[in-house]
Amino acid sequence: MAIKKNKEKPLGLIVQAAKLKKHYPKSRIITKPDQLMWKWNLSPSFWSDSYDIKILYKIGCHPDVFVINTKLQRYPGKNYLPHVYDTSEQRLCLYYKKAREWKSDMFITDTIIPWTSEWLYHYEIWAGTGKWCGKGIHGSLKPLQSEKKKSLD
């Protein structure tokens, strides 16, 4: 007997956009036939700074989350940001893709946005202490291009 794999049915971009607009009515949403872009100002706690966030989501891909319009500060002596795919782009690593913690049948509002807020909360602790208190698995940390060149000289 063959084992049937459970294949999720992706939520449509319009469905994702409608829920984003319902929960964040003043946010900026742009949809194209195969892609959604969402921008919002997010604050992880009452005492936190607020951050401009951009989420790019293309059907069949994982959402990409960026902190925009603000250069995230690094802890003194560190030439990288923790748990990012790219320090210069400030593209956040929110979950372990190979573990399928996020699937295309999940709402961005219920997963990616709270995970982004949690990442920002842990980032603020790291920026002050140098210790990442959040969970996670991440491969090699990628420093800024300009700092890579400095280390080669």
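Any value given below was found using the heavy atoms of this structure, including those in side chains, with hydrogens, waters and symmetry copies removed. Numbers here are sequence positions counted from 1.
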Return the set of residues passing ring pair (Phe, Tyr, Trp, His ring centres under 6.0 Å) with His23 (not counting sequence neighbours), or none when no residue passes. none

Establish whether Leu42 and Leu20 are linked, either directly or via other cluster members, by ILVMFWY side-chain heavy-atom contacts under 4.5 Å. yes

Here the pair of heavy atoms bringing Ala127 nearest to Tyr75 is O-CD1, 3.5 Å

Tell me which donor-acceptor pairs under 3.5 Å the side chains of residues 112-121 have, and how far apart each pair is, sequence neighbours excluded?
from, atom 1, to, atom 2, distance (Å)
Thr116, OG1, Ile112, O, 2.7
Trp119, NE1, His83, O, 2.9

Do any N or O atoms from the side chain of Ser104 and from the backbone of Gly60 form a donor-acceptor pair under 3.5 angstrom? no

Sorted by chain and residue number, the salt bridge (charged side-chain N to carboxylate O under 4.0 Å, His left out) partners of Asp110 (sequence neighbours excluded) come out as Lys19

Is the terminal nitrogen or CZ of Lys71 (NZ for Lys, CZ for Arg) located under 6.0 angstrom from the six-membered ring centre of Tyr51 and within 45° of that ring's axis? no

Just checking Lys21: does its NZ atom have more than 12 heavy atoms from other residues, nucleotides or ligands closer to it than 6.0 angstrom? yes

Listed pairs under 3.5 Å, donor-acceptor, residues 24-35 side chains, sequence neighbours left out:
from, atom 1, to, atom 2, distance (Å)
Ser27, OG, Tyr24, O, 2.7
Ser27, OG, Trp38, NE1, 2.9

Distance-minimising heavy-atom pair for Pro44 and Glu124: CG-OE1, 4.1 Å

What are the two closest non-hydrogen atoms of Gln73 and Trp126, and how far apart are they? O-CZ3, 3.7 Å

For Ile125 against Lys131, the heavy-atom pair lying closest together: CG2-O, 4.2 Å

Sorted by chain and number, sequence neighbours left out, side chain to side chain donor-acceptor pair (under 3.5 Å) with Ser45 holds for Ser48

Salt bridge or not for Asp64 and Arg91, using N-O below 4.0 Å? yes

Would Val65 and Val67 show up in the same hydrophobic cluster when neighbours are defined by side-chain heavy atoms closer than 4.5 Å? yes

Identify whether Leu56 and Leu13 are in the same connected component of the hydrophobic contact network (ILVMFWY, side-chain heavy atoms under 4.5 Å). no

Among all residues two or more places apart in sequence or in another chain, which pass the side chain to side chain donor-acceptor pair (under 3.5 Å) test with Gln90? none

Is there side-chain contact between Cys93 and Val84, with at least one heavy-atom pair below 4.5 Å? no

To the nearest 0.5 Å, how far apart are CD1 in Ile14 and CG in Leu36? 8.5 Å

Which residues pass the ring pair (Phe, Tyr, Trp, His ring centres under 6.0 Å) test with Tyr57, sequence neighbours left out? Trp102

Quick one: pull up CG in Asn79 and CZ in Arg74 and give me the separation to the nearest 0.5 Å. 7.0 Å

Closest heavy-atom contact between Lys97 and Tyr85? CE-OH, 3.5 Å

Are the side chain of Gln16 and the backbone N or O of Ile108 linked by a donor-acceptor pair below 3.5 Å? yes

Return the set of residues passing side chain to side chain contact (heavy atoms under 4.5 Å, CB included) with Ser50 (not counting sequence neighbours), or none when no residue passes. Asn41, Ser43

Cluster membership besides Leu11, Ile/Leu/Val/Met/Phe/Trp/Tyr side chains within less than 4.5 angstrom, sorted by chain and number, is Val15, Phe107

With sequence neighbours left out, the residues meeting side chain to side chain donor-acceptor pair (under 3.5 Å) with Asp49 are none

Search all heavy atoms of Glu101 against all heavy atoms of Met106 and return the closest pair with its distance. O-CE, 3.6 Å

Using side chain to side chain donor-acceptor pair (under 3.5 Å) as the criterion, list what pairs up with Thr109, not counting sequence neighbours. none

Verdict with reasoning, Tyr123 to Leu81, per side-chain contact (heavy atoms from CB on, under 4.5 Å): CA-CA 8 Å; Tyr123 157 75; Leu81 294 169; 4.1 Å; yes

